[in-house]
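First up is the structure itself, then whatever we jot down about it.
Scope of the values below: all heavy atoms of this structure, side chains included, with no hydrogens, waters or symmetry mates.
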Amino acid sequence: MADIKFNLTVDSMFDLCEVLETIGIESIAEEFDKEDLKAFQNKDAGSVGMTVIMKVSKFLIKKLPSAKDEIYKFLAGCAEWEDGTPVTVENMRRMKITQFIKIVHDFFKDEGVMDFFGEAAGLLDTEQPDSKNSVTGDTEIPTGI
């Protein structure tokens, strides 16, 4: 069984968005609590690694059939064989189940993947201490004139 290495790029982010859209972004967000998101942001893979793998695995088992084409595209788009040749969607479709499971497992253990999801989790953290934001902050009407 040949090994695969992962290289997440901007295109990977867009492919992941297709997966999330297909399975429902709202439902994946429900799988993770605020502490999980903080751990992702802090790249603290050790403390949440197994929990995250279990949550993602449980979620994917439920949603896999509806998003299989998008998942193949995402994984193939960010993977290459150990000799540097790209993994194709057709390669994914024809893999033995044991190899596919190993790839998914290796994917979530990859340091670059944890960085990728950590940054993505940071984008989800939009909580603000007040009602001002970068759009409205400079349009505030001064009251002390």
| said: Can you give me the closest heavy-atom contact between Trp81 and Met95, atom names plus distance? | reply: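 Heavy-atom minimum between the residues: CH2-CE, 3.9 Å.
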| Atom of Cys78, atom of Ser12 and distance for their closest heavy-atom approach | CB-OG, 3.5 Å
| task | Please go through Ile101's hydrophobic cluster and name the other residues, only I, L, V, M, F, W, Y counting, with side-chain heavy atoms under 4.5 Å joining them. | result |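 Once heavy-atom contacts under 4.5 Å are chained together, Ile101 belongs with Ile97.
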To the nearest 0.5 Å, how far apart are [atom1] in [X] and [atom2] in [Y]?
X: Asp3; Y: Lys102; atom1: CG; atom2: NZ; result: 4.5 Å
X: Glu18; Y: Met13; atom1: CD; atom2: CE; result: 12.0 Å
X: Leu16; Y: Leu75; atom1: CG; atom2: CG; result: 10.0 Å
X: Ile71; Y: Ile23; atom1: CD1; atom2: CD1; result: 6.5 Å
X: Ile4; Y: Gln99; atom1: CD1; atom2: CD; result: 6.0 Å
X: Tyr72; Y: Arg94; atom1: OH; atom2: CZ; result: 11.0 Å

| task | Report yes if the side chains of Glu80 and Lys5 come closer than 4.5 Å at any heavy-atom pair, otherwise no. | result |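 The answer is yes, as the side chains (C-beta and beyond) meet within the 4.5 Å cut-off.
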| query | Side chains of Asp69 and Arg93: closer than 4.5 Å at any heavy-atom pair? | reply |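 Answer yes - side chains close enough.
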| Do Thr88 and Asn91 have side-chain N/O donor and acceptor atoms under 3.5 Å apart? | yes
| Going by distance alone, is a donor N or O of one side chain under 3.5 Å from an acceptor N or O of the other, for Thr9 and Asp11? |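 Absent: no donor and acceptor within the cut-off.
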| said: With a 6.0 Å cut-off (strictly less than), is the heavy-atom count around NZ of Lys68, excluding the residue itself, greater than 12? | reply: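 No, the 6.0 Å shell around NZ holds no more than 12 heavy atoms from other groups.
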| request: Consider only side-chain heavy atoms of I, L, V, M, F, W and Y, link residues closer than 4.5 Å, and tell whether Val10 and Phe74 are in one cluster. | output: yes
| task | Could you check Val87 against Phe6 for side-chain contact (heavy atoms from CB on, under 4.5 Å), going step by step and ending with a plain yes or no? | result | CA-CA 10 Å; Val87 174; Phe6 299 99; over 6 Å; no
